[in-house]
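Before any comments, here is the structure.
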Amino acid sequence: MGRPESLVDHTLPARGALAVALRELRTAAGLSYDKLAARSGVSATALKRATSGRHVPARETVEAIAAACHAQDDDGLTQLWLDARIAERGRLQGRRRPATPELVTTPGALSQALVYFYERAGAPTLRRLSFLAGGRHLLPVSSAGRVVAGQVLPASRQQCLAFLNACGMGLRLRVRWADAYDRITVLAPARSWEFLQREMALAEIALSGQRERHAEGSAGIGSVRLADLHHGPGLIARSRGTDMLRELYDMPLRDGTIRYSEPRRTRRQRAA
């Protein structure tokens, strides 16, 4: 008669629940660890480790045990493994759930959302993530590593969709997040460049076209810089520069765009 099996470690409840479920599968199938090892292709030592509750086994190990015991997906093993994996990593603790895709407007927020989806998927290995995405041609391992580290965004909409697919996201939600990706990485830079071009034109007018008319305010004009308008040290600097240009050149701001007209000419200029 063999030694009795050691008790399941419930130090981490989710991990213990997975171990109990795996043990119940083996018992229901009437298999010893040696027979289960022969059927599953996983060593008996690895099987005992997987059912100890002290470690979360690889997902492939859980799938191999389930297949050898003729378990159905309805047994909830996938969700039990996912809960145990998330609990063991602890990366989602204190991390806020991403907003809806339509409310995500910055590269940083999008990057954090992608990291969240990766962790919520159980943080698969980079090779498995690439495999689940459809292959290295869709999501290279090196690119996946930088994305999950929060260093970069996917290189294209297709790569973004492949990454989200590997994280187990449904089609409709994947498309919504891909639209957010386009909005942030494609449309926003285009709008920013157009805005910057207009700023440059306005600054050129301010520096070269109206010094004679605004001699008294020349010191103020000299302090209007592109940095103050676009990235300035704070709201006060940006507001000061914007208000000054609006007053000097009659440039109303509507709907987030700048509409500017030709500078007003002096009487001497009109007479000429």
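The structure presented is a predicted model; accordingly, all values stated were derived computationally and were not measured.
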Is [X] salt-bridged to [Y], going by a charged N under 4.0 Å from an acidic O?
X	Y	answer
E119	R95	no
R54	D9	no
E63	R128	yes

Verify the neighbour count for atom [atom1] of [X]: are there more than 12 heavy atoms of other residues, nucleotides or ligands below 6.0 Å?
X	atom1	value
Q158	CD	no
F131	CZ	no
R174	CZ	yes
L7	CG	no

Can you find a heavy atom in the side chain of [X] that is under 4.5 Å from one in the side chain of [Y]?
X	Y	answer
V148	V115	no
H70	R39	yes
E88	L12	yes
T106	I184	no
V175	D179	yes

Backbone of [Y] reached by a side-chain donor or acceptor of [X] within 3.5 Å:
X	Y	value
Q112	G108	no
R15	G53	yes
R120	L92	no
S40	L36	yes
W81	P57	yes
R85	A123	yes
T51	K48	yes
Y118	P124	yes
R146	Q151	no

Over all heavy atoms of both residues, which pair between [X] and [Y] is shortest? Give the atoms and the distance, please.
X	Y	result
Y181	P154	OH-O, 2.7 Å
S52	R23	CA-NH2, 4.1 Å
L153	P107	CD2-O, 3.9 Å
A84	L18	CB-CD2, 4.1 Å
P101	L173	CG-CD1, 4.3 Å
C69	L31	SG-CD1, 4.4 Å

Measure from NZ or CZ of R26 to the centre of the six-membered ring of Y33, then state whether that distance is under 6.0 Å and the direction lies within 45° of the axis.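 Judged by the rule (NZ or CZ under 6.0 Å from the ring centre, within 45° of its axis), R26 counts as positioned above Y33.
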Shared ILVMFWY cluster between [X] and [Y], side chains joined below 4.5 angstrom?
X	Y	value
M169	L139	yes
L126	I86	yes
V8	L77	no
L161	V152	no
L132	F163	no

L47 and I65: side chain to side chain contact (heavy atoms under 4.5 Å, CB included), yes or no, with the steps? CA-CA 8 Å; L47 291 173; I65 294 173; 3.6 Å; yes
Identify, with sequence neighbours excluded, every residue that meets salt bridge (Lys or Arg N to Asp or Glu O under 4.0 Å) alongside R136.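 Per chain and number, R136 pairs via salt bridge (Lys or Arg N to Asp or Glu O under 4.0 Å) with no residue.
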After noting the C-alpha distance and the side-chain angles of W177 and L114, does the key distance pass the side chain to side chain contact (heavy atoms under 4.5 Å, CB included) rule? CA-CA 10 Å; W177 278 104; L114 295 178; 5.8 Å; no
With rounding to the nearest 0.5 Å, note down the distance linking CG in L110 to SG in C160.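 The SG atom of C160 is 6.0 Å from CG of L110, to the nearest 0.5 Å.
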Could you walk me through whether Q159 and L138 pass the side chain to side chain contact (heavy atoms under 4.5 Å, CB included) check? CA-CA 6 Å; Q159 193 174 99; L138 293 177; over 6 Å; no
Go through the steps to decide whether D83 and Q79 satisfy the test side chain to side chain contact (heavy atoms under 4.5 Å, CB included), and finish with yes or no. CA-CA 6 Å; D83 293 342; Q79 189 60 48; 2.8 Å; yes
